[in-house]
Amino acid sequence: MSTAFYSPPECRSHDMGPGHPECPQRLDAILDHLRATGLDVALDYRDALPATREQLQRAHDARYVAEVSAVFEEARREGRSRALDPDTMACPATGKAAYIAAGAAVTATDAVLAGEAQNAFCAVRPPGHHATRSETMGFCFFNNVAVAARHALDAHGLQRVAIVDFDVHHGNGTEDILANDERVLMVGIFQHPLYPGNGADPLGDNMVNVPVPPYTEGREVREMVEALWMPRLHEFKPQMVFVSAGFDAHREDQLAQLGLVEADYEWITRRVKDVADAHAKGRIVSCLEGGYALSALARSVAAHLRVLAGV
Ligand SMILES: [Zn+2]
């Protein structure tokens, strides 16, 4: 079975202004590299639907969804950008991008659970894992992975899903939404101290947070993943695995100081796939989060996708 690939064109139009690291060129770099390497032919390019309010409200407060949506609508109508927090700006096209980024994660979940694809990758932006139940944060509006995880649980009736977050920043939004939801196990590894600053003290027993100091290398990250993630994941026996796939722990990325390379992303993806193969019929939905060094981002996504697609 195939690897479904989602990258809705609307995600390209979200633009927070010149010099912002979370830029449209991130997707260009990924899509170009997939074509240049021929990896695109191994993927099943599919269309996504925008998320519905009902789907978003499984992870976010209804009032928050309404307020953010109103800001999107104002930005669109007025033709200018509106800041929601110091890092996170809505431009006129952001509403469509945010709704379809979350919707791609939901569409991918439906496709994988229907058996139309073995697994899926969503090359989407805005990213999601800093968005809490009721706040935008760190370039994120809607928590794409949390929305998809709750969709798998609440709409499809799964009983256990795992979330793997290897972005260099702690997925505080996902933790805020899913801490103490016993149907979810979240494992994360992130640089600490670093934005957003929290994560060292987990908010629930279902959170396996692994903070690592600046300048940690891939070998040490692999040891910690093996020792701290794997036993918990295998014990939990997830029926589906979601990935917050941020690639900003790459050694070329300037937003942090970890030392991962493409081979480390390949290794982590293989370990995640082992868990999915053992317990979840191979079902994985992975969504892009961070990754700001364009060439390193594209090469790392390709390494991740080669494992997912088995090529
Ligand atoms: Zn990040």
Side-chain angles (χ1 to χ4, degrees), residues 11 14 16 19-27 29-30 84-89 97-98 101-102 105 121-132 135-146 163-178 186-200 207-218 221 224-225 229 242-262 264-265 268-269 272 286-301 303-304:
C11 292
H14 164 56
M16 294 189 281
H20 199 294
E22 207 291 277
C23 59
Q25 289 75 23
R26 299 176 62 229
L27 296 182
I30 292 168
L84 285 111
D85 67 60
D87 300 319
T88 314
M89 183 111 58
F121 183 74
C122 303
V124 292
R125 51 184 294 282
H129 75 153
H130 295 307
T132 72
E135 282 173 306
T136 62
M137 261 183 82
F139 321 157
C140 302
F141 301 87
F142 297 136
N143 196 312
N144 307 324
V145 164
I163 296 177
V164 172
D165 187 331
F166 55 72
D167 190 278
V168 79
H169 303 95
H170 173 50
N172 64 297
T174 317
E175 180 173 39
D176 174 70
I177 293 164
L178 297 173
M186 179 174 177
V187 300
I189 192 160
F190 49 90
Q191 181 178 320
H192 184 78
L194 185 69
Y195 182 90
N198 51 11
M207 295 288 145
V208 180
N209 296 358
V210 183
V212 299
Y215 308 107
T216 302
E217 296 288 323
V221 166
M224 279 181 272
V225 163
W229 284 8
F242 293 88
V243 183
S244 268
F247 298 93
D248 38 10
H250 196 285
R251 69 166 71 225
E252 291 170 30
D253 202 293
Q254 302 293 315
L255 260 66
Q257 290 83 37
L258 293 196
L260 299 198
V261 295
E262 294 91 303
D264 297 310
Y265 290 115
I268 293 174
T269 309
V272 171
S286 177
C287 295
L288 181 65
E289 300 281 1
Y292 305 99
L294 298 183
S295 172
L297 168 66
R299 286 162 9 230
S300 301
V301 168
H304 181 58

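Numbering of ligands and ligand atoms starts at 1, following listing order.
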Within this structure, what is the NE2-CZ distance for the pair H14 and F139, rounded to the nearest 0.5 Å? 9.5 Å
OG1 of T216 to CG of L258: how many Å apart, nearest 0.5 Å? 5.5 Å
Let me check your reading of the structure: within less than 2.8 Å of the Zn ion (ligand 1), is there an N/O/S atom from H169?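 Here the distance criterion (N, O or S atom, under 2.8 Å) is met by H169, so yes.
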Option passing side chain to side chain contact (heavy atoms under 4.5 Å, CB included) with M186 (candidates N209, V208, V164, T174): T174
By atom name, which N, O or S atom of D248 is the nearest to the Zn ion (ligand 1)? OD2
What N, O or S atom of D167 is found closest to the Zn ion (ligand 1)?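 That would be atom OD1.
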Under-4.0 Å salt bridge between R299 and E252: yes
